[in-house]
2 protein chains.
Amino acid sequence: MLDPETQAIPRECGDCPIRHRAVCARCEADELELLDQIKYYRSFEAGQTVVWAGDKMDFVGSVVSGIATLTQTMEDGRTQMVGLLLPSDFVGRPGRQTAAYDVVATSDMVMCCFRKQPFEDMMSRTPHIAQRLLEMTLDELDAAREWMLVLGRKTAREKIASLLSIIARRDAALNVAGRRGPMVFILPLTREAMADYLGLTLETVSRQISALKRDGVIVLEGKRHVTVPDFNRLLDEAGDDSDGGMLA
Amino acid sequence: MLDPETQAIPRECGDCPIRHRAVCARCEADELELLDQIKYYRSFEAGQTVVWAGDKMDFVGSVVSGIATLTQTMEDGRTQMVGLLLPSDFVGRPGRQTAAYDVVATSDMVMCCFRKQPFEDMMSRTPHIAQRLLEMTLDELDAAREWMLVLGRKTAREKIASLLSIIARRDAALNVAGRRGPMVFILPLTREAMADYLGLTLETVSRQISALKRDGVIVLEGKRHVTVPDFNRLLDEAGDDSDGGMLA
DNA sequence: TAGCGATGTTGATCTGAATCAAGGTTGCGT
DNA sequence: ACGCAACCTTGATTCAGATCAACATCGCTA
């Protein structure tokens with residue numbers, strides 16, 4: 001496992017890989033310089049907890065690289081994942097003292113952090129930040145509502161297909177768009193994490209993945225390496241309106 | 001059924017019952033005056049559709065009175081409610097052309113609307129509006145994530161108890177706080193709408209309500225009038241961390 | 001005041017996913 | 001190279017909630 005400290009960390013915002021998608025996306029050069037002065041990086045190892053629900057959280061920030069999850073847990077141990085944080089996603093809520101959910105790094109991860117108070121001060125003086133944060137929050141709300149349909153009404157097979165299509169789509173967006181041929185990606189989650197995301201047990205996740213493989217919807221190499229020969233077929237299995245595949 | 005036109009509609013923002021909770025909550029007198037000039041009211045009858053998912057939506061607005069639902073529907077007819085809109089809640093998304101969900105008035109309802117373009121112009125010039133909208137959107141995101149736990153991990157009985165406790169709490173917040181004695185409220189949803197909210201069938205909703213009644217968790221008069229003798233008992237049935245009942 | 005449609009309840013049966021259980025793989029530390 | 005721990009798969013059985021079905025209640029209109 002790589003020492004997270006050795007992962008490439010941008011020195012300046014200009015070099016930052018998430019520059020154009022994160023909460024700072026709309027900032028002008030001068031605004032970026034101010035952010036540059038108050039930002040700091042933190043690295044987390046796979047499995048490490050960033051914050052526990054209910055704990056005081058005196059910073060906010062963006063995922064620069066790696067993956068984290070937001071989860072909620074009931075007293076008896078039932079857990080539900082409520083968010084999957086990928087590079088450029090924002091962590092924390094301005095105007096709130098404590099974390100509402102557990103935040104856990106699922107892979108080695110680097111975050112670009114700001115202490116909450118300076119960030120909030122800056123936000124009130126820099127509409128570009130608040131605007132972008134509003135936009136990102138509205139997108140997350142849409143994603144959460146999409147997920148409510150998955151949790152409430154889809155079958156186990158549809159749930160798995162939905163998760164795979166979301167990961168596949170997002171992966172394609174991060175990499176160069178329009179690559180020809182079948183989609184290929186690495187599952188960033190264990191079977192158990194998938195189960196927590198989908199409101200299933202890990203056994204059901206395993207069975208349904210096996211079934212999709214048996215039916216040729218996906219091809220597996222090892223446990224994590226997935227190839228999707230026909231993305232529309234996968235969307236169909238997810239119960240989604242197909243087409244919509246190709247956006248401009 | 002009341003003619004919605006006869007419902008009391010405030011003339012001026014100063015008289016408005018949702019003045020201090022809606023998207024305009026943070027506005028100063030002069031800003032309010034500008035909003036006053038571009039606002040208009042629309043009334044909807046119970047059952048009426050405000051917009052269909054995918055349709056062009058050239059306005060945004062706030063629910064002034066009554067209740068509306070946001071729902072998503074799959075091709076085969078499975079539907080999932082993804083939002084319950086109460087007085088002061090915001091409808092529509094700035095910066096988007098078409099509605100993402102069906103919006104349906106569940107009771108007679110009055111909305112305070114703004115054409116999208118003037119509202120967006122005003123938003124870019126009035127940070128108070130964008131600030132409040134961000135805050136409201138973050139609250140909605142929290143509510144959506146809370147709901148993901150309900151949909152993904154709770155039993156049918158816990159789901160019903162969760163819904164009842166949310167309605168009870170919200171009702172108590174709208175009415176004068178701190179009233180002593182048992183909580184009493186009217187269910188604003190049919191059994192079918194509850195089922196769509198909870199990811200259940202209407203039969204299961206009916207059975208679980210009967211069970212909660214049989215076990216003395218709730219008392220029913222007719223189908224819709226609910227009394228909760230012991231709110232902590234209800235929270236317990238919902239699987240929520242109890243206490244948290246009394247906020248300052 | 002009878003009839004009808006929307007809404008709600010309850011019972012019988014079925015079924016998809018959970019639970020219980022037994023291995024199989026993989027990768028790491030020693 | 002071995003042994004252990006995480007992770008994953010597959011099978012047998014159970015069960016919560018869906019489905020299918022019948023009937024009850026209420027409000028409205030003719």
Side-chain angles (χ1 to χ4, degrees), chain A residues 1-3 45-48 74 76-80 104 106-107 150-163 186-215 218 220-226 237 239, chain B residues 1-3 45-48 74 76-80 104 106-107 150-163 186-215 218 220-226 237 239:
Chain A
M1 187 180 304
L2 278 176
D3 176 356
E45 289 182 42
Q48 208 181 336
M74 296 173 67
D76 62 5
R78 284 176 279 176
T79 73
Q80 175 65 49
V104 179
T106 279
S107 66
V150 172
L151 289 172
R153 292 302 187 193
K154 291 195 177 179
T155 64
R157 172 183 261 244
E158 288 170 335
K159 284 178 175 182
I160 297 289
S162 297
L163 179 58
I186 303 293
L187 274 176
L189 300 174
T190 64
R191 301 291 186 260
E192 188 178 25
M194 289 189 254
D196 283 344
Y197 204 159
L198 297 167
L200 298 170
T201 59
L202 66 88
E203 293 96 329
T204 297
V205 169
S206 183
R207 273 188 252 274
Q208 295 300 332
I209 287 180
S210 298
L212 288 175
K213 178 177 155 191
R214 194 166 47 245
D215 298 345
I218 58 174
L220 275 184
E221 291 161 67
K223 315 290 184 193
R224 301 291 195 94
H225 185 110
V226 180
E237 293 287 353
Chain B
M1 188 179 306
L2 277 176
D3 176 354
E45 290 182 43
Q48 207 181 335
M74 296 172 67
D76 63 6
R78 282 176 281 177
T79 74
Q80 175 65 50
V104 178
T106 279
S107 67
V150 173
L151 289 172
R153 292 302 186 192
K154 291 196 177 178
T155 64
R157 172 183 260 243
E158 289 170 335
K159 284 178 175 182
I160 297 288
S162 297
L163 178 58
I186 303 294
L187 274 176
L189 300 174
T190 64
R191 301 291 186 258
E192 187 179 23
M194 288 188 254
D196 283 344
Y197 204 160
L198 297 167
L200 298 171
T201 59
L202 65 89
E203 292 95 329
T204 297
V205 170
S206 182
R207 274 188 251 273
Q208 296 299 333
I209 287 180
S210 298
L212 289 174
K213 178 178 156 192
R214 191 166 49 244
D215 298 344
I218 58 174
L220 276 184
E221 291 160 67
K223 315 291 184 194
R224 300 289 196 97
H225 185 110
V226 180
E237 294 285 355

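What you see is a predicted model; the values in this text were computed from it and never measured.
- Closest heavy-atom contact between B:Gly239 and B:Glu158: CA-OE2, 4.3 Å.
- Taken residue by residue, residues 190-197 of chain B places heavy atoms nearer than 4.0 Å to DNA chain C at B:Thr190, B:Arg191.
- Nearest heavy atom pair, residue A:Leu212 against residue A:Ile160, reads CD1-CG2, 3.6 Å.
- At whole-Å resolution of the value, CG in B:Leu220 and P in C:dT10 are 10 Å apart.
- Atom OG1 in A:Thr190 sits 6.5 Å away from atom CZ in A:Arg224 (nearest 0.5 Å).
- Across all non-hydrogen atoms, the minimal contact from B:Gly199 to B:Leu151 is N-CD2, 3.9 Å.
- With distances taken from any side-chain atom of A:Ala156 to the nucleotides D:dT19, C:dG8, C:dA17, the minimum falls on C:dA17.
- Every residue was checked against the side chain to side chain donor-acceptor pair (under 3.5 Å) condition with A:Ser210, not counting sequence neighbours, and none meets it.
- Distance check: A:Thr155 OG1 to A:Gln208 CD gives 7.0 Å after rounding to the nearest 0.5 Å.
- Between A:Leu202 and A:Arg153, the residue whose closest nucleotide on DNA chain D is further toward the 5' end is A:Leu202.
- Spacing between atom CD1 of B:Ile160 and atom C1' of C:dT9 amounts to 14 Å, rounded to whole angstrom units.
- Residue A:Thr201 places at least one side-chain N or O closer than 4.0 Å to OP1 or OP2 of C:dA18.
- Between the C1' atom of D:dA16 and the NZ atom of B:Lys159 lies a distance of 11 Å, rounded to the nearest Å.
- Contact of the A:Ile186 side chain with the A:Val226 side chain is not registered, since no non-hydrogen atoms from C-beta on lie closer than 4.5 Å.
- Between C:dT9 and B:Ser206, a contact under 4.0 Å exists linking OP1 or OP2 to a side-chain N or O.
- Using a 4.0 Å cutoff on non-hydrogen atoms, the parts of residues 208-215 of chain A near DNA chain D are A:Ser210, ordered by number.
- Considering CG of A:Leu163 and CG of A:Leu187, their distance stands at 7.5 Å, rounded to 0.5 Å.
- In this structure, B:Leu187 atom CG and C:dT9 atom P are separated by 10 Å, rounded to whole Å.
- At its two ends the helix from C:dT1-D:dA30 to C:dT30-D:dA1 runs along axes set 30° apart, each axis drawn from five pairs and the angle rounded to 10°.
- Distance CZ (B:Arg78) to P (D:dA18): 13 Å, rounded to an integer number of Å.
- B:Gly199 comes within contact range of the sugar-phosphate backbone alone, with a heavy-atom separation under 4.0 Å but no base atom that close.
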Do any N or O atoms of the protein come closer than 3.5 Å to N or O atoms of nucleotides 21-26 of chain C, and which pairs are they?
none

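- We find the OH-CG distance between A:Tyr197 and A:Leu189 to be 8.5 Å, quoted to the nearest 0.5 Å.
- Partner of B:Met194 under the side chain to side chain contact (heavy atoms under 4.5 Å, CB included) criterion, chosen from B:Thr204, B:Leu202, B:Leu200, B:Val205: B:Val205.
- The stretch residues 187-215 of chain A participates, sequence neighbours left out, in these salt bridge (charged side-chain N to carboxylate O under 4.0 Å, His left out) pairs: A:Arg157-A:Asp215, A:Asp196-B:Arg153.
- Taking only side-chain atoms of B:Arg224, from C-beta outward, the nucleotide of C:dG8, D:dT19, D:dG17 with the closest atom is C:dG8.
- Look at CD on A:Glu158: it is 14 Å from C1' on C:dA17, rounded to the nearest Å.
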